[in-house]
Asks: 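Got a structure here, written out as structure tokens. Questions coming.
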Amino acid sequence: MTRVAPSPTGRPHIGTALQALIDRAIAQRTGGIFILRIEDTDQKRLDPLALKEILEALEWLGLRPDEGPGIGGAYGPYVQSERLPLYRAAAEWLVEHGFAYYCFCSAERLEALRKEQVAAGQTPMYDRHCQSLAPSQARQRKEAGEPCVVRLRVPRGRVISLTDPLRGEISFQSDLIDDQVLLKSDGFPTYHLAVVVDDHFMRVTTVVRGEEWISSTPKHLLLYEYFGWQAPRLVHTPLLRDSSRRKLSKRAGDTSIEWFRSQGYLPEGLRNFLSRIIWAHPQEKDIYSFSEFASLFRIEDMSRAGPVVDRDLLEHINSQYLRELSPEEFYQELLGYVERLAARGEPVAIEVVGKEEQAVTVLSAEELRRWQAALARDPAYSKRVLQVERERFRKLADVLLQYGFFFAELFQVPEPALLAKHLGSGELAARLLQEYGRRYDHGATQEEWEAMVRGLAEEAGVKARALFMTIRVALTGAERTPPLYEIQQVLGEQEVRRRVASAIEALLAETLPEENKA
RNA sequence: GCCCCCAUCGUCUAGCGGCCUAGGACACCACCCUUUCAAGGUGGAGACACGGAUUCGAAUUCCGUUGGGGGCACCA
């Protein structure tokens, strides 16, 4: 029995995906159940869209929970704000049995106390001021309507230890543990109370959470002890790092599952990547299915150090999955991807990983719409385009960055300067393109075509390479493209001739501006 | 400041006392292929943080140092 318990604030984080991946794998392997629970106990940070996005993200990744909000299950509700009476009863029970107490300290007093402690070089901690209140007196004040919280009563002089299957035994001095607030004055529980109560009643047996929770675990253990419940297995996964080795923070922006999706990574690619950086396949394989992961994965084999999210590796893994798609699947994936981006009606920044570091290309909403139209207009043609050297694509967005020229609505007649660049002269370029047009035979084989171009270059006394480049620019508007012969075959004779003509026209307009106008 | 976690090539890691003159993958470099850019092929460079201890023998065990990270809220 596993669960993932994100709080609905902001976009679903990639770390949540990692947790869910592990949870789903453990559940699969042990024949258990994987639960989604929403931890919305912080009323100030709620994001109304978050629940929908979490469900959508998990669905996309193929990590569907067995129980959860919008999914069902016998142990709900699965949203904490709908379970308030449970937490209140639990808090009351703790107070009654002396394991917790009411605290009436004001925010101001706590703030002043904290400042004082920090100034004195101490660890900020509640001074247990209200612990000395007589229970009857405290109850009276509470019933009189005085705002209060419920605090955990942490014993003195004890060692509290947990056994993390990944890290072994970890011990804490109870004297260093704060009397945590369990129930806030607004009646909502804090994470610490809610997580223990829910995991117990939802009969969770394995908790997989980030390393950042290790230090609050003794509080949870104390609660299990007080309630007389058996604590689940608590596993703390390493934290994903950015390239400067910091923990990936939501504020950095590029850490949401949605961001990875918008870059054109396939769910399988992202999933494989995440498992790959926290775990090593016994045969050192890099590419493996989820079911293979689920059957081989063991918690103890996870790495303990926080891995850097390496985009190069992600791209490599993703490209392997891209290659496995059939032409039809590839087309459908891309179409779905573009439709989704276009529907957002806003520009998308695509990060180009590799060579030029930090290169970002922004696709406008208009360009995305054009892509959508272009891909849908003639599916057969689009599929043919996508088969041209598709090994060059590492993510779906690469198609948008590289293959626009195949489509009329995305092709732009190149600048004269670019057309003239490789031959050094616009006039010469125009003349040779003209001759190229004359000699061009769409039915020629690649060898024949190539011989023709080389012959033409030789006659004109120019380098074949320069002529090829000029034709390339005329046909595509770009200098880095798939091989020309293939492009021409896909484009079709008519379009090839049209583009050559447009290029010549552009060159002539530039070379003889005045005469032409007149 | 206090508490906790972690530590093998740039990155992800294999290694669980002798198979290690440390293996793989990504990235990088060179060459080949080549009409550009990719892809592909071949080759190359590249790491056990440091200091003690245990042992016949340590990347592997123990201790310390250093470094990195996380946590110390009526946030999760």
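Below, each value reflects all heavy atoms present in this structure, side chains not excepted, and no hydrogens, waters or symmetry copies.
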Asks: Using a heavy-atom cut-off of under 4.0 Å over every strand shown, decide if A/Ala464 touches base, sugar-phosphate, or nothing.
Replies: nothing
Asks: Once side chain to side chain contact (heavy atoms under 4.5 Å, CB included) is applied, do any residues pair with A/Pro232, and if so which ones, sequence neighbours excluded?
Replies: A/Val207, A/Tyr224, A/Leu234
Asks: To the nearest Å, how far apart are A/Arg298 CZ and B/A14 P?
Replies: 12 Å
Asks: Would you check if the distance from the ring center of A/Tyr265 to the ring center of A/Phe273 is below 6.0 Å?
Replies: no
Asks: Using whole Å, what does the distance between atom P of nucleotide B/U35 and atom NE2 of A/His422 come to?
Replies: 15 Å
Asks: State which of B/C6, B/U35, B/C12 makes the closest approach to the side chain of A/Ala305.
Replies: B/C6
Asks: Check every strand shown and say whether A/Arg45 touches a base, only sugar-phosphate, or nothing at a heavy-atom separation below 4.0 Å.
Replies: base
Asks: Mind checking if A/Leu313 touches a base, just sugar-phosphate, or nothing, with heavy atoms under 4.0 Å?
Replies: sugar-phosphate
Asks: Is it the case that atom CZ in A/Arg298 sees more than 12 heavy atoms from other parts of the structure closer than 6.0 Å?
Replies: no
Asks: Who pairs with A/Ala460 by side chain to side chain contact (heavy atoms under 4.5 Å, CB included), at least two apart in sequence or on another chain?
Replies: A/Leu432, A/Val462
Asks: For the P atoms, the ones on B/U65 and on B/C9, what distance do you get once it is rounded to whole angstrom?
Replies: 22 Å
Asks: When we call it a touch if two heavy atoms are under 4.0 Å apart, what does A/Gln446 touch: a base, just sugar-phosphate, or nothing?
Replies: base
Asks: Measure from CZ on A/Arg209 to C1' on B/A76 and round the result to the nearest Å.
Replies: 11 Å
Asks: Please name the nucleotide paired to B/C72 by Watson-Crick or G-U wobble geometry with both distances under 3.5 Å, or report none.
Replies: B/G1
Asks: Can you figure out which of B/U36, B/C5, B/G23 approaches the side chain of A/Met469 most closely?
Replies: B/U36
Asks: Does B/U35 have a Watson-Crick or wobble mate here (both distances under 3.5 Å), and if so which one?
Replies: none
Asks: Calculate the interatomic distance between A/Leu193 atom CG and B/A76 atom C1'; express it in whole Å.
Replies: 14 Å
Asks: Heavy atoms under 4.0 Å, any strand shown: does A/Ser303 hit a base, just sugar-phosphate, or nothing?
Replies: sugar-phosphate
Asks: Protein within reach of the bases, or only the backbone? For nucleotides 66-73 of chain B, mark each nucleotide 5' to 3' as B, S or -, using heavy atoms under 4.0 Å.
Replies: ---SSSBS
Asks: So, OP1 or OP2 of B/G24: does either fall under 4.0 Å of a side-chain N or O from A/Arg276?
Replies: no
Asks: What is the nucleic acid contact for A/Cys148, judged by heavy atoms within less than 4.0 Å: base, sugar-phosphate only, or nothing?
Replies: nothing
Asks: Would you indicate which nucleotide in B/C12, B/C4, B/A76 comes nearest to any side-chain atom of A/Ile277?
Replies: B/C12
Asks: Taking a pair as Watson-Crick or G-U wobble with both distances under 3.5 Å, which nucleotide is matched to B/C28?
Replies: B/G44
Asks: Between A/Phe188 and A/Ser81, is any pair of side-chain heavy atoms under 4.5 Å apart?
Replies: yes
Asks: So which nucleotide does B/A53 pair with, by the Watson-Crick or G-U wobble rule with both distances under 3.5 Å?
Replies: B/U61
Asks: Could you check whether A/Arg454 gets within reach of a base, just the sugar-phosphate, or nothing at all, counting any heavy atom under 4.0 Å?
Replies: sugar-phosphate
Asks: Partners of A/Ser171 by side chain to side chain contact (heavy atoms under 4.5 Å, CB included), sequence neighbours excluded?
Replies: A/Val159, A/Ser161, A/Glu169
Asks: From the set B/C37, B/U35, B/A25, return the single nucleotide nearest to any side-chain atom of A/Asp286.
Replies: B/A25
Asks: Heavy atoms under 4.0 Å, any strand shown: does A/Phe172 hit a base, just sugar-phosphate, or nothing?
Replies: sugar-phosphate
Asks: Is any side-chain nitrogen or oxygen of A/Lys44 closer than 4.0 Å to OP1 or OP2 of B/C75?
Replies: yes
Asks: Going by side chain to side chain contact (heavy atoms under 4.5 Å, CB included), name the residues that satisfy it together with A/Pro483, two or more places apart in sequence or in a different chain.
Replies: A/Glu389, A/Glu486
Asks: Using whole Å, what does the distance between atom C1' of nucleotide B/C74 and atom CD of A/Glu108 come to?
Replies: 12 Å
Asks: How is A/Glu39 classified with respect to the nucleic acid when contacts are heavy atoms under 4.0 Å: base, sugar-phosphate, or nothing?
Replies: sugar-phosphate
Asks: What does A/Pro482 touch in the nucleic acid at a heavy-atom separation under 4.0 angstrom: a base, only the sugar-phosphate, or nothing?
Replies: base
Asks: Between B/C75, B/U36, B/C12, which one does the side chain of A/Pro307 approach most closely?
Replies: B/C12
Asks: Determine: side-chain N/O of A/Arg167 to OP1/OP2 of B/A7, distance under 4.0 Å, yes or no.
Replies: no
Asks: Closer to the 5' end of RNA chain B via nearest nucleotide, is it A/Thr481 or A/Leu183?
Replies: A/Thr481
Asks: Are the side chains of A/Arg233 and A/Pro165 in contact, using a 4.5 Å heavy-atom criterion?
Replies: yes
Asks: Have a look at A/Pro483 and say if it touches a base, only the backbone sugar-phosphate, or nothing, with a 4.0 Å heavy-atom cut-off.
Replies: base
Asks: More 5' along RNA chain B: A/Gln122 or A/Asp312, using each one's nearest nucleotide?
Replies: A/Gln122
Asks: Output a table of donor-acceptor pairs, distance under 3.5 Å, between side-chain atoms of residues 114-121 of chain A and any protein atom two or more places apart or on a different chain; print 'none' if there are none.
Replies:
residue: A/Gln117; atom: OE1; partner: A/Met125; partner atom: N; Å: 2.9
residue: A/Gln117; atom: NE2; partner: A/Met125; partner atom: O; Å: 2.8

Asks: For the side chain of A/His316, starting at C-beta, report the closest nucleotide among B/C37, B/G23, B/C26.
Replies: B/C26
Asks: Kindly point out which of B/U13, B/A76, B/C37 is positioned nearest to the side chain of A/Asp42?
Replies: B/A76
Asks: In whole Å, I'd like the distance from the CG atom of A/Leu46 to the P atom of B/A76.
Replies: 10 Å
Asks: Let me know the distance between OH of A/Tyr101 and P of B/C74, rounded to the nearest Å.
Replies: 11 Å
Asks: Check every strand shown and say whether A/Val308 touches a base, only sugar-phosphate, or nothing at a heavy-atom separation below 4.0 Å.
Replies: sugar-phosphate
Asks: So do the side chains of A/Arg141 and A/Leu133 get within less than 4.5 Å of each other, counting heavy atoms only?
Replies: yes
Asks: Closest to the A/Arg304 side chain: B/C75, B/A7, B/A14?
Replies: B/A7
Asks: Do any side-chain nitrogens or oxygens of A/Thr41 fall under 4.0 Å of OP1 or OP2 in B/A76?
Replies: yes
